Amino acid sequence: MAYDEELANRIRFLIGPDPVVAEKKMFGGLAFLAHGNMAVAASGQGGLLVRVDPQRSDALVDDVHVRRMEMQGRQMAGWLRVDGDVVDDDAELRRWVDEGLGYARTLPPKR
C-alpha cells in the first residue's frame with residue numbers, strides 16, 4: 001500500500017515552512033524529520049506513524065486507534081501507529097503532528 005498523499009499534504013500544510021523540517025521517504029511512507037529525526041509520517045500501512053517520548057508511549061496508547069508500532073514482532077516504545085480514521089479530524093491530526101514534532105525537536109540533531 002502506498003502512503004496517503006492527501007494525508008501527507010495535510011501534514012505538510014500543518015508544519016508550514018520550517019527550515020529544520022525535511023521530508024524523506026521511509027518505512028513505506030513519507031516521513032517528516034526535524035533536525036534529521038523522524039517526527040511523523042504518512043504511513044504506507046495507512047494512518048500515521050508518530051515518534052513520541054518513550055516515557056509517554058503507554059499514556060498515549062488506547063489499544064483501539066493508537067497502538068505501539070511493531071517491528072519484527074516486537075513493540076517499539078516511542079513509536080506509535082495512529083489509525084487513519086482518527087486523523088481524518090483536523091484537530092486530531094494537529095495533535096499528533098505537534099506531538100511528533102515536539103519530541104523530535106528535543107533530540108540531538110543528526111548529521
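Heavy atoms only: backbone and side chains are in, while hydrogens, waters and symmetry mates are out. Computed from a predicted structure; not experimentally measured.
Between Ala8 and Phe32, the shortest heavy-atom contact is O-CZ, 3.6 Å. Taking each heavy atom of Glu23 and Leu30 in turn, the nearest pair found is OE1-CD2, 3.6 Å. Nearest approach of Glu92 to Val86, heavy atoms of both residues: CB-O, 3.3 Å. Contact between Leu7 and Gly47 at its shortest, heavy atoms only, is CD2-O, 3.5 Å.
Taking the side chain as every heavy atom from C-beta outward, Met38 and Trp79 approach each other to under 4.5 Å. The shortest distance between side-chain heavy atoms of Leu93 and Leu48 falls below 4.5 Å. Annotation: side chain of Arg12 is in contact with side chain of Asn9 (closest heavy-atom distance under 4.5 Å). Residues Val66 and Asp83 fail the side-chain proximity criterion, which asks for heavy atoms closer than 4.5 Å. The side-chain heavy atoms of Trp96 and Leu60, taken from C-beta on, include a pair separated by under 4.5 Å. Contact annotation: the side chain of Thr106 never approaches that of Asp53 to less than 4.5 Å [non-hydrogen atoms, C-beta and beyond]. Residues Arg105 and Val21 form a side-chain contact, since some pair of their non-hydrogen atoms from C-beta on lies under 4.5 Å apart.
Leu14 and Leu101 fall within a single hydrophobic cluster, where Ile, Leu, Val, Met, Phe, Trp and Tyr side chains are chained together by heavy-atom contacts under 4.5 Å. Hydrophobic clustering (side-chain heavy atoms under 4.5 Å, transitive across Ile, Leu, Val, Met, Phe, Trp, Tyr) keeps Phe13 apart from Leu33. Hydrophobic clustering of Ile, Leu, Val, Met, Phe, Trp and Tyr side chains at less than 4.5 Å, counting indirect connections, keeps Met69 apart from Leu107. Transitive grouping of hydrophobic side chains (ILVMFWY, heavy atoms separated by less than 4.5 Å) keeps Met26 and Tyr103 in distinct clusters.
Residue Arg56 holds its CZ atom at 9.5 Å from CG of Leu80, rounded to the nearest 0.5 Å. Rounding to the nearest 0.5 angstrom, the gap separating the CG atom in Leu49 from the OH atom in Tyr3 is 14.5 Å. Note: Asp88 CG to Asp4 CG = 8.5 Å, rounded to the nearest 0.5 Å.
Electrostatic pairing of Glu99 and Arg51 does not count as a salt bridge here, judged by no charged N lying under 4.0 Å from a carboxylate O. A salt bridge links Arg10 and Asp90; the closest N-O separation between the charged side-chain nitrogens and carboxylate oxygens is under 4.0 Å. Salt-bridge formation is not detected for the pair Asp89/Arg95: no Lys NZ or Arg NE/NH1/NH2 atom is positioned less than 4.0 Å from an Asp or Glu carboxylate oxygen. A salt bridge does not link Asp62 to Arg67: none of the charged nitrogens lies less than 4.0 Å from a carboxylate oxygen. Look at Arg94 and Asp98 and you find a salt bridge, because one of the NZ, NE, NH1 or NH2 atoms lies within 4.0 Å of a carboxylate O, short of that distance.
Side-chain polar atoms of Arg68 and Ser57 form no donor-acceptor pair below 3.5 angstrom.
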**Study point:** Check against salt bridge (Lys or Arg N to Asp or Glu O under 4.0 Å), Arg81 and Glu70
**Key:** CA-CA 9 Å; Arg81 290 204 173 278; Glu70 284 193 31; over 6 Å; no
